[in-house]
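In what follows, chains are A, B, ... by sequence order, proteins preceding strands, each numbered from 1. The analysis underlying the following values was restricted to heavy atoms, covering all of them including side chains, and did not include hydrogens, waters or symmetry mates.
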2 protein chains.
Amino acid sequence: MVLFRLHEGCAVLRLSKLTDYAVVVMARLARDGALPEGRVQTAPGLALATGIAEPTVAKVLKILGQAGLVEGLRGARGGYRLTRPLAAVPLSEVIVAIDGPIALTACVDGGQGQCEAQGICAVRGRWDPVNDAIRRALSDITLADLAGPTRCAPATHFAQLVAE
Amino acid sequence: MVLFRLHEGCAVLRLSKLTDYAVVVMARLARDGALPEGRVQTAPGLALATGIAEPTVAKVLKILGQAGLVEGLRGARGGYRLTRPLAAVPLSEVIVAIDGPIALTACVDGGQGQCEAQGICAVRGRWDPVNDAIRRALSDITLADLAGPTRCAPATHFAQLVAE
DNA sequence: CCTAAATAGGACCATGGGGGTCCTCTTTGA
DNA sequence: TCAAAGAGGACCCCCATGGTCCTATTTAGG
């Protein structure tokens, strides 16, 4: 399972800040019409719109681009746009793009040889139902469910704004 | 959601090592008959049985004791025993005991005033379905599901054993 | 009554992974 | 030809976690 701490020390599950940013940035792209075949939005512009630092926005967009979740157009008048509408992007895909595969323990899928060789790990394999449940929950929710019809800012960055 | 990294860098969701240890230690308590009203098991003994460092085992047991998941008996011939059978302990309770409340973002439950004051966070509140789904998944699985009938070692510690 | 064994409850420190920034190269429209 | 923008890295700092240790308290047993 993923526990999101977000530095408030109140939550066990951690969602990486970058994933939080990614959701916000993609929601902003959708809001501004940067949809497939639509007009693009620049990283500096998205930084201004969301309040997230520009280098960070650029970093997130590059990662999302590698994962195919956004399309980057280079050169002057370049920018980014979504490759799919938000409703077609499960949250799990964003998490995987930013943080990697979703699993609770290292005892998943791979690593069988190790555990069996030692023969002391009876827990091995039993985390699978948990992992599956988590993955399913994350796959059933799309970015359209998270992004409201209006503008938004990341929860984490918001805390920074308040603190300043 | 909770992502368990476990230092292999392959998983997005992170489960804290201490939680991993807690599951293993509690499973060992059950295996050795340290059930409610049963005989107790000492921290040093559990350390030997599980291969986890003794100070770490002691720390985990103290935390579990504060959460009421185990009962500690002081003095000579003292030790720990479970307060409930494993089948009555949802995984979520162990996670909460070790890491704190389970939630994906800080935008949950509390913090309403902040977000509304700023008026820029449209995502707020929309994480709730995700959080609920995760909590539900973690609550539906008990330690009995994770702990096999035989002995076990934590996945993380196991990796250390292999590496050495 | 005294001692040993064990828990309770802290303080304390090191480390590594993530967040964040910056630099260079490439592409492309005007 | 130039400026704007993405692509792809390298790089650094911070702090949360994991791990250890110390002291006080409790208690069985001789």
Does [N] have OP1 or OP2 sitting under 4.0 Å from an N or O in the side chain of [X]?
X: B/Tyr21; N: D/dG19; value: yes
X: A/Gln66; N: D/dA7; value: no
X: A/Tyr80; N: D/dA5; value: no

- prompt: Only one of B/Leu35, B/Leu29, B/Thr142, B/Leu143 clears side-chain contact (heavy atoms from CB on, under 4.5 Å) with B/Leu86; which?
  reply: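 Only one of B/Leu35, B/Leu29, B/Thr142, B/Leu143 forms a side-chain contact (heavy atoms from CB on, under 4.5 Å) with B/Leu86, namely B/Leu143.
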- prompt: Only one of A/Arg84, A/Glu37, A/Arg81 clears side-chain contact (heavy atoms from CB on, under 4.5 Å) with A/Glu71; which?
  reply: A/Arg81
Whole angstroms only, please: what is the [atom1]-[atom2] distance between [X] and [N]?
X: A/Leu64; N: D/dA7; atom1: CG; atom2: P; answer: 11 Å
X: A/Arg77; N: D/dA5; atom1: CZ; atom2: C1'; answer: 12 Å
X: A/Ile52; N: C/dG20; atom1: CD1; atom2: P; answer: 9 Å
X: A/Asp20; N: C/dG20; atom1: CG; atom2: C1'; answer: 15 Å
X: B/Ile98; N: D/dA16; atom1: CD1; atom2: C1'; answer: 16 Å
X: A/Asp99; N: C/dG17; atom1: CG; atom2: C1'; answer: 12 Å
X: A/Leu46; N: D/dA4; atom1: CG; atom2: P; answer: 18 Å

query: A/Ala76 side chain: which of D/dA3, D/dA28, D/dG18 is closest?
result: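 In terms of side-chain proximity for A/Ala76, the closest of D/dA3, D/dA28, D/dG18 is D/dA3.
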- prompt: Under 4.0 Å between a Lys/Arg side-chain N and an Asp/Glu carboxylate O for B/Asp132 and B/Arg135?
  reply: yes
Report which part of the nucleic acid [X] touches: base, sugar-phosphate, or nothing (heavy-atom distance under 4.0 Å, all strands).
X: A/Leu61; value: nothing
X: B/Gly79; value: sugar-phosphate
X: A/Ala43; value: sugar-phosphate

Check: B/Leu46 main-chain N/O paired with B/Arg28 side-chain donor or acceptor under 3.5 Å: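 No; zero donor-acceptor contacts below 3.5 Å.
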Base-contact (B) and sugar-phosphate-only (S) positions in nucleotides 20-25 of chain D, heavy-atom cut-off under 4.0 Å, - elsewhere: S----B
- request: Check whether any side-chain heavy atom of A/Met26 sits under 4.5 Å from a side-chain heavy atom of A/Tyr80, and report yes or no.
  value: no
- prompt: Are A/Arg77 and A/Thr42 close enough that some pair of their side-chain heavy atoms sits under 4.5 Å apart?
  reply: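 No. Closest side-chain heavy atoms not under 4.5 Å.
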- prompt: So, for A/Ala47 and A/Glu54, which heavy atoms are closest and what is the spacing to 0.1 Å?
  reply: CB-CA, 3.6 Å
